[in-house]
Amino acid sequence: MSTPHEQLTRPDGTPIRVLTVDDEPSITELLGMALRYEGWDVTAATSGLGAVQAARDTRPDVIVLDMMLPDFDGLEVMRRVRAEQPDVPVIFLTARDAVDDRIQGLTAGGDDYVTKPFSLEELVARLRGLLRRSGATLAKPGSELVVGDLVLDEDSHEVTRAGEEIHLTATEFELLRYLMRNPRRVLSKAQILDRVWNYDFGGQANVVELYISYLRKKIDAGREPMIHTLRGAGYVLKPAGA
């Protein structure tokens, strides 16, 4: 398989969650391999009941669902899952000659289908398109830094947290960019002075404290904090709750 040109993630930067449902182990393994290659989290189920429980446990962003299962069919799985997660996209796997299955699946609310035997590349492409259309993803091109629900675009200089736009001065932006390029890493005041201001303030490291406080008011105010002080060591930025 070719290298994906961009990695799709959930809006908070975490991996896409996919539930695959098929009672054929070879297909389950193949799907798992292909989807993990995309950087996605994959949960597999081999029965209708297992699929409904897995959907309840993992809250998937998309479901790849075989129409024929040992206990009940894919339509019943979709009906039960959608009762709790009405917006989850579903792509059906159907036998090549089962035209009625395909029509039934789409009229019942399925979003797409592929026929067996299928091309993994085609299935992944269909899933990527489906995820984009459903709004479940954040496309992460090279210009974006993502830490938790905080997103910084190095080209447009736009910053958002949980989808809410945050306005920063040029210096605040540079400071946040440095922190986000080094998530979970403790950065000393001297390192920050050197990288953000590009010269030594003659020991006036309080400028770092001042700008960290400015950032906190904009990034962390009213939210779970992401910027932390380690006394005597420096500062660290990490996803909320981590």
Side-chain angles (χ1 to χ4, degrees), residues 1-140:
M1 293 179 67
S2 57
T3 304
H5 60 282
E6 63 176 349
Q7 184 173 344
L8 293 183
T9 70
R10 307 178 81 235
D12 63 0
T14 57
I16 294 293
R17 295 196 288 252
V18 187
L19 172 59
T20 65
V21 188
D22 199 297
D23 61 338
E24 295 181 51
S26 59
I27 291 180
T28 301
E29 287 174 25
L30 210 57
L31 286 172
M33 178 191 72
L35 301 180
R36 288 187 183 97
Y37 184 86
E38 292 289 311
W40 300 345
D41 280 344
V42 182
T43 302
T46 58
S47 68
L49 280 173
V52 173
Q53 187 59 52
R56 191 172 289 138
D57 292 342
T58 65
R59 310 292 293 185
D61 299 301
V62 67
I63 300 174
V64 181
L65 180 55
D66 189 25
M67 189 64 86
M68 299 297 294
L69 295 166
D71 46 3
F72 46 83
D73 66 18
L75 294 177
E76 179 63 14
V77 172
M78 183 174 70
R79 188 186 69 77
R80 295 191 189 190
V81 171
R82 288 262 178 90
E84 297 181 20
Q85 301 170 65
D87 299 324
V88 65
V90 173
I91 185 165
F92 281 111
L93 303 178
T94 70
R96 183 177 293 281
D97 57 355
V99 178
D100 289 346
D101 276 357
R102 300 202 293 273
I103 295 169
Q104 204 178 357
L106 293 180
T107 55
D111 299 278
D112 203 350
Y113 68 86
V114 294
T115 53
K116 294 180 178 181
F118 55 84
S119 150
L120 282 173
E121 277 91 350
E122 181 191 358
L123 178 61
V124 169
R126 297 272 194 97
L127 282 169
R128 290 169 71 87
L130 191 54
L131 285 160
R132 283 199 194 90
R133 292 196 302 275
S134 73
T137 69
L138 172 74
K140 193 162 63 172

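Once rounded to the nearest 0.5 Å, the distance linking CG of L35 with OG1 of T43 reads 11.0 Å. Note that CG of L131 is 10.5 Å distant from CZ of R10, once rounded to the nearest 0.5 Å. In this structure, the separation between CG on L8 and CH2 on W40 is 6.0 Å, given to the nearest 0.5 Å. Atoms CG and NZ, on D22 and K116 in that order, are 4.0 Å from each other to the nearest 0.5 Å. If you take OG1 on T58 and CG on D41, they are separated by 9.5 Å, rounding to the nearest 0.5 Å. Note: D66 CG to E24 CD = 7.0 Å, rounded to the nearest 0.5 Å.
A pairwise comparison of heavy atoms in A54 and L19 identifies CB-CD1, 3.7 Å as the closest pair. Closest of all the heavy-atom pairs between P25 and D23 is CD-O, 3.4 Å. Closest heavy-atom contact between A45 and G50: CB-C, 3.8 Å. Looking at every heavy atom in both residues, I91 comes nearest to R126 through CD1-CB, 3.8 Å. In terms of heavy atoms, P60 sits closest to A55 at CD-O, 3.5 Å. Taking all atoms of both residues into account, the shortest heavy-atom contact from S47 to D71 is CB-OD2, 3.6 Å.
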Report the C-alpha separation of E38 and I16 in whole Å, then their side-chain angles, then the decisive distance to 0.1 Å, and conclude whether the side-chain contact (heavy atoms from CB on, under 4.5 Å) test is met. CA-CA 9 Å; E38 292 289 311; I16 294 293; over 6 Å; no
Assess whether side-chain contact (heavy atoms from CB on, under 4.5 Å) is satisfied between L30 and F118, documenting all intermediate values. CA-CA 11 Å; L30 210 57; F118 55 84; 5.6 Å; no
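The cationic atom of R80 (NZ for Lys, CZ for Arg) lies less than 6.0 Å from the six-membered ring centre of F72 and within 45° of the ring axis.
For the side chain to side chain contact (heavy atoms under 4.5 Å, CB included) with V62, the qualifying choice from V18, V90, T20 is V18, the only one to do so.
In this structure, V64 and V114 have side chains that are not in contact, with every pair of non-hydrogen atoms separated by 4.5 Å or more.
Looking at D61, its side chain does come within 3.5 Å of a backbone N or O of R17 through a donor-acceptor pair.
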